[in-house]
Amino acid sequence: MELNAQQIQQILPHRYPFLLVDKILECVPGEMAIGRKCVSSNEMQFLGHFPSNPVMPGVLIIEALAQTGAVAILSLPENKGKIALFGGIKNARFKERVEPGDVLKLECHIVKRKGSVGVGSATATVDGKVAASCELTFAITDR
């Protein structure tokens with residue numbers, strides 16, 4: 001299934017300026033999601049990171065990946081109205097710079113679930129090149 005920004009906001013509690021997924025290109029609830037983030041020079045972080053050489057902070061790339069994974073897990077009917085919180089980040093690697101004008105492809109595959117805790121394998125790419133990858137642990141909770 002494909003989701004636009006309004007449909008994403010029905011699943012995630014995030015809003016501007018912290019909603020970091022523009023569109024979900026594909027989603028299999030409980031299994032995986034692929035999202036897109038169009039990086040714009042108008043984003044707040046570029047005022048200070050870095051003014052003369054803008055680079056998207058790695059933590060925001062990881063957050064965009066987590067939001068993509070949250071769409072996958074929160075799309076399950078039993079998780080409607082809940083939120084997914086970070087439980088951990090493992091093996092985060094940053095391989096390419098992400099700059100204004102880039103389009104991030106965000107992929108998160110849910111690889112393990114036990115009760116309200118799960119693990120996602122996540123990768124962000126730009127033009128087919130890996131920009132960042134990590135393993136995300138999350139906990140599903142009521143708002």
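When a residue number appears, it is its place in the shown sequence, counting from 1.
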Undergrad: Working to the nearest 0.5 Å, report the span between CD1 of Ile11 and CG of Asn79.
TA: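 Taking CD1 in Ile11 and CG in Asn79, the distance rounds to 11.0 Å.
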Undergrad: Taking only distance into account, with no hydrogens and no angle test, what donor-acceptor pairs under 3.5 Å do side-chain atoms of residues 81-91 form with protein atoms, sequence neighbours excluded?
TA:
none

Undergrad: Using salt bridge (charged side-chain N to carboxylate O under 4.0 Å, His left out) as the criterion, list what pairs up with Glu63, not counting sequence neighbours.
TA: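 Per chain and number, Glu63 pairs via salt bridge (charged side-chain N to carboxylate O under 4.0 Å, His left out) with no residue.
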Undergrad: Hey, could you give me the CD1/CG distance between Ile8 and Leu74, rounded to the nearest 0.5 Å?
TA: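 That separation rounds to 12.5 Å.
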Undergrad: Tell me which donor-acceptor pairs under 3.5 Å the side chains of residues 115-140 have, and how far apart each pair is, sequence neighbours excluded?
TA:
none

Undergrad: On a heavy-atom basis, which atom in Leu12 and which in Ala70 lie closest, and how many Å separate them?
TA: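 The answer is CD2-CB, 3.6 Å.
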Undergrad: Can you list everything that forms a side-chain contact (heavy atoms from CB on, under 4.5 Å) with Gln10? Sequence neighbours excluded, please.
TA: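 Listed in chain order: nothing, the list is empty.
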Undergrad: Give the table of side-chain donor-acceptor pairs shorter than 3.5 Å for residues 36-50, with sequence neighbours excluded, one pair per line with atom names and distance.
TA:
| from | atom 1 | to | atom 2 | distance (Å) |
| --- | --- | --- | --- | --- |
| Lys37 | NZ | Glu43 | OE1 | 3.2 |
| Lys37 | NZ | Glu43 | OE2 | 2.9 |
| Ser40 | OG | Asn42 | N | 3.1 |
| Glu43 | OE1 | Gln45 | NE2 | 2.8 |
| Glu43 | OE2 | Ser40 | N | 2.7 |
| His49 | ND1 | Val55 | O | 2.6 |

Undergrad: Using salt bridge (charged side-chain N to carboxylate O under 4.0 Å, His left out) as the criterion, list what pairs up with Lys105, not counting sequence neighbours.
TA: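 Lys105: salt bridge (charged side-chain N to carboxylate O under 4.0 Å, His left out) contacts with Glu107.
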Undergrad: Tell me, please, which residues at least two apart from Arg97 pass side chain to side chain donor-acceptor pair (under 3.5 Å).
TA: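 Listed in chain order: Asn53, Glu99.
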Undergrad: For Arg15, check side chain to side chain donor-acceptor pair (under 3.5 Å) against everything at least two apart and list the hits.
TA: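 For Arg15, the residues satisfying side chain to side chain donor-acceptor pair (under 3.5 Å) (neighbours in sequence not counted) are Gln9.
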Undergrad: Which residues pass the side chain to side chain donor-acceptor pair (under 3.5 Å) test with Glu2, not counting sequence neighbours?
TA: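 Glu2: side chain to side chain donor-acceptor pair (under 3.5 Å) contacts with Lys23.
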Undergrad: Which ILVMFWY residues are connected to Val28, directly or by a chain of links, through side-chain heavy atoms under 4.5 Å apart?
TA: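 ILVMFWY cluster around Val28 also holds Leu25, Met32, Ile34.
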